[in-house]
Every structure is written in structure tokens, then in C-alpha cells.
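Read through the structure below, which is laid out as C-alpha cells, and then see the notes.
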Amino acid sequence: MADIINLVNAESKLETMRHSASHVLAEAVLSIFPDAKFGIGPAIEDGFYYDFDLPRSLTPDDLPVIEEKMGEIIKADLPFTHKEITKAEAKKLFASQPYKLELIDEIPDDKVGIYEQGGFVDLCRGPHVNSTGEIKAFKLSNIAGAYWRGNERFPMLQRIYGTAFTSQKELDEHLTRIEEAKKRDHRKLGKELDLFLTPDEIGGGLVIYTPKGGRIRAVIEEFWRQEHFANGYEILYTPHIGLSKLWETSGHLDFYQENMYSPIDIEGQEYYLKPMNCPFHMLAYKSRTRSYRDLPLRWAELGTVYRYERSGVLLGLLRVRGFTQDDAHIICTPEQMNSELSEVLRFSLHMWRVFGFQKYRVFLSTRPEKSIGTDQMWQDAENALRRVIDENELEYEVDEGGGVFYGPKIDLKIEDAIKREWQMTTIQFDFNLPERFDLVYIGADGQEHRPYMIHRALLGSWDRFFGLLIEHYAGAFPAWLAPVQVNVIPVADRHLEHARKLEKEMRNLGIRVEVDDRSERMNLKIRQAQLDKIPYMVIIGDKEVADNSVSVRRRSGEQLPTQPLAGFLETLTKEIADKV
RNA sequence: GCCCACAUAGCUCAGUCGGUAGAGCACAUUCUUGGUAAGAAUGGGGUCAUCGGUUCGAAUCCGAUUGUGGGCUCCA
């Protein structure tokens, strides 16, 4: 127990120091730009920032200058002094600081807190460290534009990001972690391992999967299909475009148009690229009379959708304009809703485990401003989602107003190997589409009833999932996913014939195998396979040809004892089947 | 979209003060047949992102456009 409290203290102490560092940053900026206007300067997850309105744009060259100034302030060990003053006094004090005046106006109390160190006074609730000397190790990382209050109708300020730690060692470790993260960046690895391309020629946010990436995708899609069939799903295929009338019916043109591309004219009719797959599934449901005996229907699709994203938000595979959702719609009776929701959640967590992800956070998103449906419907749906989370004994956080226009949702943020979180899974209540498409089923009473619908994407989108997967494994995919599982390396050309025989044998077992048949030295081929992160290298020389054995090297560098071919194939096929 | 930075060979990058293009890897050919992370030689490959301006002369300076990166907002 004591440990936990200490940990919390340590955390808030670090936060306090970072917050103080942001004040030191502000003082340094003030000394360089006496006319600077100040926004806010909080501590954040990995450090701190401060927003400024400055007479000129900052460039990266400014950072070392500011850092040096900060160093001087810290070395001078200036005390932080705290005062409570009246609002009227504060307004006088910050008369030339429009952003601070705005903040003062919004503080409900009569008194406001100010902190002063050196020549810099800031409106601030604190707390702070006693003096600037307590800031032990800091670094400014980058400059960025940021709208005042995060709203693009307000002026854009210049934000300086930095971080601070209680020792140089911890700061260095932090910087090393950032370097490590860069090494496993999926954009870098995607290029190095030849998994996918985002060529300038096709436009931003559009992706080409090359053969190795395509192989992985095919393996995952195959697994995904098997799992879905095994869990009572059927698979649909639907077109990429549809008539404007369809999107009017679905409500997308009313509520989602800002994310949709301009229509395509075909023989005088307007068609839209699909931003979602749902309307097609609705039509499939409506194609015949449905009985309560048919429900639940679980219809899945790997559907490629196109959404307008502002150029500035595009990011490798993680944020694109054309992506393939692992989508599904579950249409059920009200009575089935709970168990279906619960089952979707279980299925989702199962899938994540298979791919090596153990940690996640659950978010419940409630009614947004722009939405359809009655308060009662939203209330009921939110309660249903809460119940399912509770039944599964999961902790969750509420994202007020974070729902989609057609219903509340549960999102899962998945934690990767280096503890970053990604929003992937979404399980959404949808009471819009059954209504709009007038979906009905015939109940046991012979009357028409309105079904409920769940809209879900387990992995989220194939593209984002793949980006995450690359970073999670740092490109070293487990054997079941690796595009090439075995690289056969003949020591000399005379061993090539035997290597070909092995290749054929492994291929017959469904193993993804390649022979490095170049007239190069074995060392080079091993190095190459190592760089390609191929799980197994099978070296074939005179000894192996003579007794049909294999010398196996793992990409970890570990060398397995020479063994009979049959034994190796058995352990390998088992490893692949076990998905470890 | 907005703020800042960047864009040179397939990849990673160098290119000083403005004087007309370089390396390594990759690729091709040849030699080499080597036992657990790089054998050697030779060769091909660039409208220096695009368009415009300044200049006797632009990869280099200026502007615009496109794309990329770091952020803001949004999101699977």
C-alpha cells in the first residue's frame, strides 16, 4: 500500500516539476521576446508545453537558444513565490495579456493565484517546486502550431514542447525510448521490409500492399474468415459506390457528408464512394421477409471505405483515406441484444489475444451534439453497453459526447509492445439504420417488429491494424504471420539442387519458403535473411545433403543443433498452427 | 485545413561562398564456391519534387504548387 502512495507522490512530483519547467520556458521566451503574449503551459504525459503568441515564427534553431536561457534560469535557482490576488488586481497585472484576461474572466472565484519566478509572473493555480534549481534535467523537443483553446476559429499560437526529469539519466532513457520507437515506426519498417507503399503519385492516404504485405494480409484475412464462420457469422461482399438516394435513406448525406467525397456522375445520376458498408447490409436484410427465427443475423465484410480526412491528419497506415474495415452488422431482437453485445466483446478480446496484445482500455462514448434518436433510446442503449462492460468485469472510462450520430459505442484502445495506445475496436449501437431502412422481422405473434442493430469493427481497420502489428512486433512477425517463414541457404552452388527439393517439400506442407540461390557467400545470405527478419534460416551444405538433415538458425541468432529434416518440419508446422 | 520543417539515384544520405552531380547499399555483368551478420572488380542509373522569378550562371537565393514529417482539431 505504501508503495502505491509513494508512486502517486512521485508521479505528481514529476508533474509539478514539469509544470515549473514550462514556467521557466515562458520566462526564457519572455527574455527573448519582451512582447510575447502567453497562452497556457501545462504538464502533459511525457513532459510539458507552453503556447505563445510571438512577433515572428520560431524555427528549430531557436530551441537551443531558449534552452540555454532556461539553463541560466535554472542555475540561478530562483524561488517560485505564490500569491492570491483579486480578479481586479489580476486584470491590471495582465492588462497586456489578452489570453490571460480571457482565462481570468472564466475563473469562478473572486481570487486568483499567481506564481512568480525571476521576472516572470503567471496566472497559475500551482503547485510548483520551491525554486528553479529543482528542475534537474530538461530538453525542448519541438515546436508546433496549436490553436488557442484547440479551436481553429481562434488564433494559432506557437507551442514549444519539452520534457523534464528528476535526473539526466532518466531524461537520457526517455530519449532512448523515443529512438527505439522510431526504429519500429511502421512507415520505416514498411519500406525496409517491402510490405506496403504510399507513393506520391496516387495521392495522400492511399496505400498499395506489395507481395510481402499482401501475404500477411492474406494470412490474416483467412484466419479472420475462419474465426467469423466459427462464431456464427456470414460474409457479405458489397460495391464501393452507391446511388445518392441510398445515402439519403441511410442519413449519411445529412450527418456524415463532411467525411464523404464529391459525387460521381454516371448517366446523369449521382453516386457516392462508400464511407461505410452499412447501407448495403441493410438492403441485403430487406431483400426478403425475415422471421424472428432467422435472428440474430451476423453479417461481416472486409469492406473498403473511403472517407475524407484533412491532409494534415494523414499518418502512414494509421490514418488514411481509403481503408478496409473488418466490419459486421448484427441484427437481432431486443431480447438478444445483451448476449450479442457480450459475445462481440468476448470475440474481440479473443482476437486481440491471438495477435499478441494483452492490454487494452475500454471507453464508453455517449450522445454527441449532432445526433438522431430520442433521449430514451440513447439512455437505453447506453445502459445496455454499460451492462455488458460490467458483466465482463471490465474497467471503463466515459467519453461524454463521443458517440457517433446514430448511437453510443464502446471503443477499445489497445496497448502495444512499447506501451502506446491505439483506438482500434469499435462496437456501436445503431438505432438509426433499422429505422431509416424500415427493417422489420415477423415475431412469434405474427406481427412486425423493429430489430436492433450492432455495428462493429473488431480490429478496426485492416490498415491501422497492420500498422500497429508492424510496430508491435518491430517487423519481426511470429512464424504464422511472417511473409517468408523459412529461408533456405545453400552453402555453395552444388547444394542448390538439394535446397530446391527442400523448398518443394516445405511448400507442399504450406510453409512459406524461399531459396537464396544467388552465387553469394553464405554469410551474406544469412545477413540478408536476418535483416529481412525471416524467422528461420535453413543452411544446407555437404553434411546436410549427405544425411538429409538441416542446420537451423533463428533470426534471434540462436543456432539449433543439426537435426533430421522431418523433426524440424514437425516443430515448425506445430509452431505455425499454434500461432505463437 | 492551419503553424513549422523537409523534398538530391530504387533506398539511406553528402553536396561549403551560386560556377553545371557524389558515396554506400540495391541492380546488371564477370571472377570467386565460401559453414552461421557484408568476398572482389566493372558497369548502368539523376530535367536535384513541379512551375515561375532573381542572376552571366541556380540542387544552392526568392515565390507558388504538390507531397512528406512534427503538432492543433477530428478519427477506424
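To find a chain, count down the sequence lines: A is the first, B the second, and so on, and within it residues start at 1. The analysis underlying the following values was restricted to heavy atoms, covering all of them including side chains, and did not include hydrogens, waters or symmetry mates.
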Could you check whether Asn487(A) and Asp516(A), counting side-chain N and O atoms only, form a donor-acceptor pair closer than 3.5 Å? no
Sorted by chain and number, sequence neighbours left out, salt bridge (Lys or Arg N to Asp or Glu O under 4.0 Å) with Asp399(A) holds for none
Nucleotide by nucleotide, nucleotides 69-76 of chain B touches protein heavy atoms under 4.0 Å in the pattern (B base, S sugar-phosphate only, - none) SBBBBBBB
Checklist line | Arg456(A) with Glu343(A): basic N within carboxylate O range, under 4.0 Å | finding: no
- [ ] Verify the distance criterion only: is there a donor paired with an acceptor across the side chains of Asp416(A) and Trp422(A) at less than 3.5 Å?
- [x] yes
Mind checking the C1' distance from C6(B) to A38(B)? Whole angstroms is fine. 32 Å
When you measure from the side-chain N and O atoms of Ser57(A) to the phosphate of C4(B), is any distance below 4.0 Å, counting only OP1 and OP2? yes
Worksheet item: Base, sugar-phosphate, or nothing for Gly203(A), non-hydrogen atoms under 4.0 angstrom?
Response: nothing
Quiz item: With a non-hydrogen cut-off below 4.0 angstrom, is Ser519(A) in contact with a base, only sugar-phosphate, or nothing?
Solution: base
Legend entry - Sub-6.0 Å ring centroid separation between Tyr536(A) and Phe568(A): yes
Suppose you measure atom P in A59(B) against the same atom in A7(B); what distance do you get, rounded to whole Å? 15 Å
Lys501(A) atom NZ, neighbour heavy-atom count above 12 within 6.0 Å: no
- What does Lys543(A) touch in the nucleic acid at a heavy-atom separation under 4.0 angstrom: a base, only the sugar-phosphate, or nothing? base
Between the side chains of Asp62(A) and Arg56(A), is the shortest nitrogen-to-carboxylate-oxygen separation below 4.0 Å, so that they form an ion pair? yes
- Task: With P as the reference atom in both, quote the distance from A58(B) to C51(B) in angstrom, rounded to an integer.
- Result: 14 Å
**Request:** Determine, for Phe48(A) and Arg18(A), whether the Lys NZ or Arg CZ falls below 6.0 Å from the six-membered ring centre while staying within 45 degrees of the axis.
**Result:** no
In RNA chain B, consecutive runs of at least three Watson-Crick or G-U pairs below 3.5 Å, as range with range, amount to B:1-7 with B:66-72, B:10-13 with B:22-25, B:27-31 with B:39-43, B:49-53 with B:61-65
Of the listed A37(B), A5(B), C27(B), the closest approach to the Thr59(A) side chain comes from A5(B)
Taking the six-membered ring for Trp and the single ring otherwise, decide whether the centroids of Tyr272(A) and His252(A) are under 6.0 Å apart.
no
Donor-acceptor pair under 3.5 Å: do we get one between Arg521(A)'s side chain and the base of A40(B)? no
Expressed as a whole number of Å, how far does the P atom of A49(B) sit from that of A41(B)? 32 Å
To the nearest angstrom, the CD1-C1' distance between Ile539(A) and A37(B) comes to 11 Å
side-chain hydrogen bond (donor to acceptor under 3.5 Å, both in side chains) filter on Glu106(A), not counting sequence neighbours, yields Arg149(A)
Out of G35(B), U32(B), G34(B), minimum distance to the side chain of Asp542(A) belongs to G35(B)
Discussion item. Assess whether a salt bridge exists between Asp517(A) and Arg500(A), defined as any Lys/Arg side-chain N lying under 4.0 Å from an Asp/Glu carboxylate O.
Written reply: yes
Next item on the list: Assign Asp493(A) to base, sugar-phosphate, or nothing according to its heavy-atom contacts below 4.0 angstrom with the strands shown.
Entry: base
Check: When you compare C48(B) with G19(B), how far apart are their C1' atoms, in angstrom units rounded to a whole number?
Finding: 16 Å
- Query: Does a side-chain N or O from Arg494(A) land closer than 4.0 Å to OP1 or OP2 of G34(B), or not?
  - Reply: yes
Discussion item. Any base atoms under 4.0 Å from Leu58(A), or only sugar-phosphate, or nothing? Heavy atoms, all strands.
Written reply: sugar-phosphate
| query | Taking only side-chain nitrogens and oxygens of Lys191(A), does any of them come within less than 4.0 Å of OP1 or OP2 of U12(B)? | reply | yes
Side-chain donor-acceptor pair under 3.5 Å between His329(A) and Glu301(A), yes or no?
no
Note to self: Looking at Glu382(A) and Arg367(A), is any side-chain nitrogen of the basic one under 4.0 Å from a carboxylate oxygen of the acidic one?
What the structure shows: no
Between U8(B) and A28(B) - P atom distance, rounded Å: 24 Å
Could you give the distance separating A9(B) and G70(B) at their C1' atoms, to the nearest angstrom? 27 Å
Quick note, Gln530(A) side chain, CB onward, closest among A37(B), U33(B), U12(B) is A37(B)
Expected list for residues 38-56 of chain A near RNA chain B, using heavy atoms below 4.0 Å, is none
Protein-nucleotides 41-51 of chain B N/O pairs under 3.5 Å:
none

Exercise for the section: Under 4.0 Å between any heavy atoms, over every strand shown, what does Glu558(A) touch: base, sugar-phosphate, or nothing? Just pick one. Expected result: nothing
Name the nucleic acid region contacted by Glu520(A), choosing base, sugar-phosphate or nothing; use a 4.0 angstrom heavy-atom cut-off, strictly under. base
